[in-house]
Protein chains: 2
Amino acid sequence: MIIDGMGDRPLKELGYKTPLEAAKTPNMDKMAKMGINGIMDPIKPGIRAGSDTSHISILGYDPYQVYTGRGPFEAAGVGVDVMPGDIAFRCNFSTADANGTITDRRAGRIRNGTEEIAKTINSMDIDENVEIIFKESTGHRAVLVLRGNGLSDNVSDADPKHEGKPPKEVLPLDNTEEAKKTADVLNRFIEESYNMLKDHPVNLKRIEKGKNPANIIIPRGAGAVPHVQPFGEKYGLKAACIAETGLIKGIGKIAGMDLVDIDGATGGVDTNIENIKKGIMETASKDYEFMLINIDGADEAGHDGEMDDKVKFIEKVDDVVGEMMQIDDLYFILTADHSTPISVMDHTGDPVPIVIKGPEVRVDDVEEFNERAATKGGLCRIRGRNLMDILMDLMNKSTKFGA
Amino acid sequence: MIIDGMGDRPLKELGYKTPLEAAKTPNMDKMAKMGINGIMDPIKPGIRAGSDTSHISILGYDPYQVYTGRGPFEAAGVGVDVMPGDIAFRCNFSTADANGTITDRRAGRIRNGTEEIAKTINSMDIDENVEIIFKESTGHRAVLVLRGNGLSDNVSDADPKHEGKPPKEVLPLDNTEEAKKTADVLNRFIEESYNMLKDHPVNLKRIEKGKNPANIIIPRGAGAVPHVQPFGEKYGLKAACIAETGLIKGIGKIAGMDLVDIDGATGGVDTNIENIKKGIMETASKDYEFMLINIDGADEAGHDGEMDDKVKFIEKVDDVVGEMMQIDDLYFILTADHSTPISVMDHTGDPVPIVIKGPEVRVDDVEEFNERAATKGGLCRIRGRNLMDILMDLMNKSTKFGA
């Protein structure tokens with residue numbers, strides 16, 4: 001169970017406590033008392049992990065080998081059946097004027113009609129050897145996947161970053177034919193998207209209502225879908241992924257886990273925590289041997305610098321932890337994927353607390369679950385990459401190396 | 001000093017103490033008070049180390065590079081002068097009937113006469129370019145070494161694992177000529193062993209007495225003898241190895257250490273601990289600069305699930321520790337090569353406690369030597385591969401990396 005961005009730094013406003021130290025978390029503290037505690041560097045000490053690279057590492061893969069960018073995981077997370085070798089992009093629905101200048105990068109933060117627009121884009125035909133797979137995500141976000149031989153992810157972004165400029169020309173970032181071809185396909189994709197969308201019925205209606213039309217698609221963040229040994233094959237565990245965001249769902253998907261959908265999961269502090277709890281307990285009652293659970297609100301509060309929200313959200317999560325402690329015959333690991341300190345409003349490299357509760361762990365004398373109490377625990381300081389090895393050993397599913 | 005398999009998990013029967021926590025170990029505790037403590041992952045957190053891979057790692061070698069299987073170390077340990085490139089196998093003296101079916105994999109747990117049988121096998125001539133070196137070990141165990149150009153360790157085992165079956169045909173595990181040739185030599189070796197042994201005087205006597213004859217040799221666990229930089233050359237330390245089992249002796253031997261024989265060392269809880277103590281003190285009085293000491297009984301008790309035996313044996317070892325603490329001018333490192341929990345009856349990946357006593361170590365406030373007290377020590381959590389570097393530094397024999 002990974003509480004996204006839960007780690008933090010001492011805050012003057014909290015009497016130099018962290019939000020986790022300040023929050024009332026009787027269940028997490030009970031778990032600390034019953035388990036073995038420590039701190040964990042998701043990747044390496046001081047390295048600022050993304051949620052994606054951290055989860056990859058915690059699941060036992062090497063993010064320096066597997067991670068090619070956010071695109072492939074976002075694409076998988078919104079339901080595209082990506083295949084190794086596909087080139088995936090994150091996209092914005094944007095607004096362009098007749099001169100090709102981007103006047104709104106988020107197309108008036110469009111919320112409806114993107115599915116129909118995506119359907120149109122999916123019919124685009126640029127190169128007979130390149131399949132175009134396009135899917136809307138939440139709001140103005142979408143993903144593009146290029147499938148075919150002779151493509152590369154080593155191309156530049158089209159996103160101009162600021163309004164008032166045209167999309168940037170996509171450039172090959174090396175001299176290979178693959179990069180040149182991919183850049184060419186993308187430039188034509190962007191141009192063609194405007195042609196196909198400028199008079200699209202969804203956009204005509206938006207214009208009528210005085211809203212900015214979603215009349216151009218701007219891709220960025222190219223990434224080749226990596227070859228990832230399925231989690232179930234790597235560890236022999238039937239696994240489910242319960243996550244709120246497309247990014248983490250995508251990691252579960254690419255690792256071959258079953259995705260569990262949660263109604264009302266927003267990835268924010270306003271998420272439906274009751275439904276998440278129900279989803280976890282239902283999944284636990286099925287024949288899964290492993291659950292990856294990610295709850296995202298603490299990270300959002302951290303990014304927004306909302307101290308009180310972060311404290312309150314952690315207290316909500318504590319309730320879920322209490323419920324999960326009722327599950328029998330479970331190794332329950334509680335941790336975070338990185339720190340998102342209120343003061344920094346972004347991820348930092350501070351280690352995160354971790355506790356493992358379950359049969360035969362070497363229970364230590366830590367009595368609270370937080371960043372500082374955990375440093376006195378029996379795990380001392382481990383890395384994300386160690387965690388699955390430790391779990392597999394506890395579950396007695398390891399093989400011996402040697403005699 | 002490596003107490004094989006000493007690490008464990010909390011046991012309900014011991015009031016949730018580990019055997020090491022439950023054992024009365026005044027000398028080890030004194031050492032903890034005088035030294036710097038910590039926990040150690042012999043290889044990596046959670047990885048289940050063998051005794052061989054762990055010792056290799058603790059001596060500063062990379063087991064992922066050096067370890068090819070148990071065969072080479074067993075062969076070296078029973079006294080075969082193995083050379084890099086040799087292909088070594090563990091063997092059983094077994095019993096076959098006239099149809100070639102294995103009726104007893106351990107030849108009635110033969111104890112006597114194996115030296116004479118080995119002499120006969122050593123005269124076998126299968127291929128003019130392959131030298132056959134065969135040596136008996138304890139009981140029904142033996143080792144086979146094939147020496148010559150064009151051989152491979154990538155061949156399957158002949159051991160049928162169960163009685164009532166013929167030996168498995170040895171198969172090449174890749175398409176190389178080397179693997180094919182080695183498989184062919186082994187298949188002929190097995191057949192020829194039966195021809196040479198079925199009427200061997202030792203066996204005729206056994207049959208007369210109603211015992212199963214040792215009339216066939218079954219090899220398994222092929223491993224190529226690795227190129228290992230001699231320990232003395234790597235560290236500039238004249239080293240002795242005091243070990244009970246062929247496996248650990250073999251590691252000492254392959255690392256170029258002098259082996260010290262101990263009368264009555266069985267590798268079990270019934271070993272002659274007084275003789276081990278004498279052997280250590282005698283060796284320490286010679287001009288050695290490094291001693292690798294392995295005492296095996298706690299591991300045996302762990303594998304057998306014998307809690308009381310493990311506790312008692314650790315208490316016996318504590319006496320040896322007390323004696324060794326009298327040695328002047330010594331860096332004394334006490335640890336284990338892995339955990340062998342009573343509840344698991346096999347090796348696990350739980351870290352092991354470690355204490356280093358000697359001049360100028362940063363003495364911490366740990367007051368007991370055990371798995372949990374050690375987690376509060378000044379070494380925090382280290383890996384087996386770090387240990388020789390730490391020792392060389394303390395001994396002031398390290399060179400500076402940089403200026």
Side-chain angles (χ1 to χ4, degrees), chain A residues 32-45 57-60 62 234-235 237 331 333 335 351 354-366 373-403, chain B residues 7-12 16-18 21 38-57 63-64 67 69-71 73-74 90 221 223 245 247 251 337-339 341-351 370-377 379-382:
Chain A
K33 283 193 195 95
M34 297 172 74
I36 182 168
N37 299 265
I39 53 173
M40 179 174 78
D41 298 292
I43 295 177
K44 285 190 290 194
S57 181
I58 287 171
L59 293 177
D62 181 354
K234 189 171 165 72
Y235 298 109
L237 298 173
Y331 279 102
I333 302 179
T335 188
I354 177 167
V355 56
I356 306 176
K357 174 187 164 298
E360 297 196 344
V361 299
R362 291 175 181 167
V363 177
D364 54 37
D365 50 14
V366 173
T375 63
K376 316 264 187 188
L379 288 172
C380 300
R381 185 169 190 155
I382 61 169
R383 295 194 181 178
R385 281 289 296 282
N386 304 141
L387 198 52
M388 283 305 302
D389 287 332
I390 291 172
L391 178 63
M392 291 293 283
D393 177 52
L394 285 169
M395 292 174 78
N396 210 10
K397 287 182 179 283
S398 295
T399 52
K400 188 159 52 176
F401 170 40
Chain B
D8 212 303
R9 295 177 177 175
L11 284 163
K12 192 178 175 187
Y16 294 101
K17 289 184 175 179
T18 67
E21 287 172 338
I39 53 173
M40 180 173 79
D41 297 293
I43 294 176
K44 286 191 288 192
I47 299 297
R48 296 187 157 183
S51 289
D52 40 17
T53 51
S54 173
H55 278 74
I56 289 167
S57 181
Y64 290 103
Y67 189 69
R70 188 168 172 168
F73 301 102
E74 290 279 0
R90 302 164 68 201
T245 61
L247 188 62
I251 286 169
D337 55 348
H338 52 75
S339 298
I342 294 293
S343 59
V344 181
M345 295 173 71
D346 202 349
H347 304 189
T348 66
D350 302 271
N370 61 54
E371 296 89 343
R372 280 187 277 208
T375 64
K376 315 265 189 190
L379 288 172
C380 301
R381 186 169 189 154
I382 62 170

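Legend: residues meeting side-chain hydrogen bond (donor to acceptor under 3.5 Å, both in side chains) with Lys44(A), ordered by chain and number and at least two apart, are absent. With sequence neighbours excluded, the residues forming a side-chain contact (heavy atoms from CB on, under 4.5 Å) with Pro42(A) are Ala49(A), Ser54(A), listed by chain and number.
Taking the six-membered ring where tryptophan is involved, the planes of Tyr67(B) and Phe401(A) are perpendicular, since the angle between them exceeds 60° and thus also 30°.
Considering only heavy atoms from C-beta on, Arg48(B) comes within 4.5 Å of Asn396(A) through its side chain. At least one side-chain heavy atom of Leu394(A) sits less than 4.5 Å from a side-chain heavy atom of Arg9(B). The shortest side-chain heavy-atom distance between Ile39(B) and Cys380(A) falls under the 4.5 Å cut-off. Looking at heavy atoms from C-beta onward, Glu360(A) lies out of side-chain contact with Asp350(B) at the 4.5 angstrom threshold.
For Thr245(B), no part lies under 4.5 angstrom from a heavy atom of chain A. Residue contact with chain A, scored on non-hydrogen atoms closer than 4.5 Å, is absent for Leu11(B). In this structure, the portions of Tyr64(B) lying under 4.5 Å from any heavy atom of chain A include both its backbone and its side chain. Contact annotation for Val361(A): only backbone heavy atoms (N, CA, C, O) come within less than 4.5 Å of a heavy atom of chain B. Of the atoms belonging to Arg362(A), heavy atoms from both backbone and side chain fall under 4.5 Å from chain B. With a threshold of 4.5 angstrom between heavy atoms, Pro351(B) approaches chain A through its backbone and through its side chain. Both the backbone and the side chain of Leu379(A) come within less than 4.5 Å of a heavy atom in chain B.
Here Asp8(B) is the residue among Thr18(B), Ile56(B), Leu247(B), Asp8(B) with the most heavy-atom pairs under 4.5 Å with chain A. Ranked by heavy-atom pairs under 4.5 Å with chain A, the list Asp41(B), Val344(B), Asp52(B) is led by Asp52(B).
Between the CD1 atom in Ile36(A) and the OG1 atom in Thr375(B) there is a gap of 7.5 Å [rounded to 0.5 Å]. A distance of 14.0 Å separates OG1 of Thr348(B) from CE of Met392(A), quoted to the nearest 0.5 Å. With values rounded to the nearest 0.5 angstrom, Lys376(B) atom NZ is found 3.5 Å from Asp365(A) atom CG.
Without hydrogens or angle criteria, Arg372(B) side chain to Asp364(A) main chain gives no donor-acceptor distance under 3.5 Å.
For Ser398(A) against Gly46(B), the heavy-atom pair with the smallest separation is OG-O, 4.3 Å.
The number of heavy-atom neighbours closer than 6.0 Å to NZ of Lys17(B), taken from other residues, nucleotides and ligands shown, is 12 or below.
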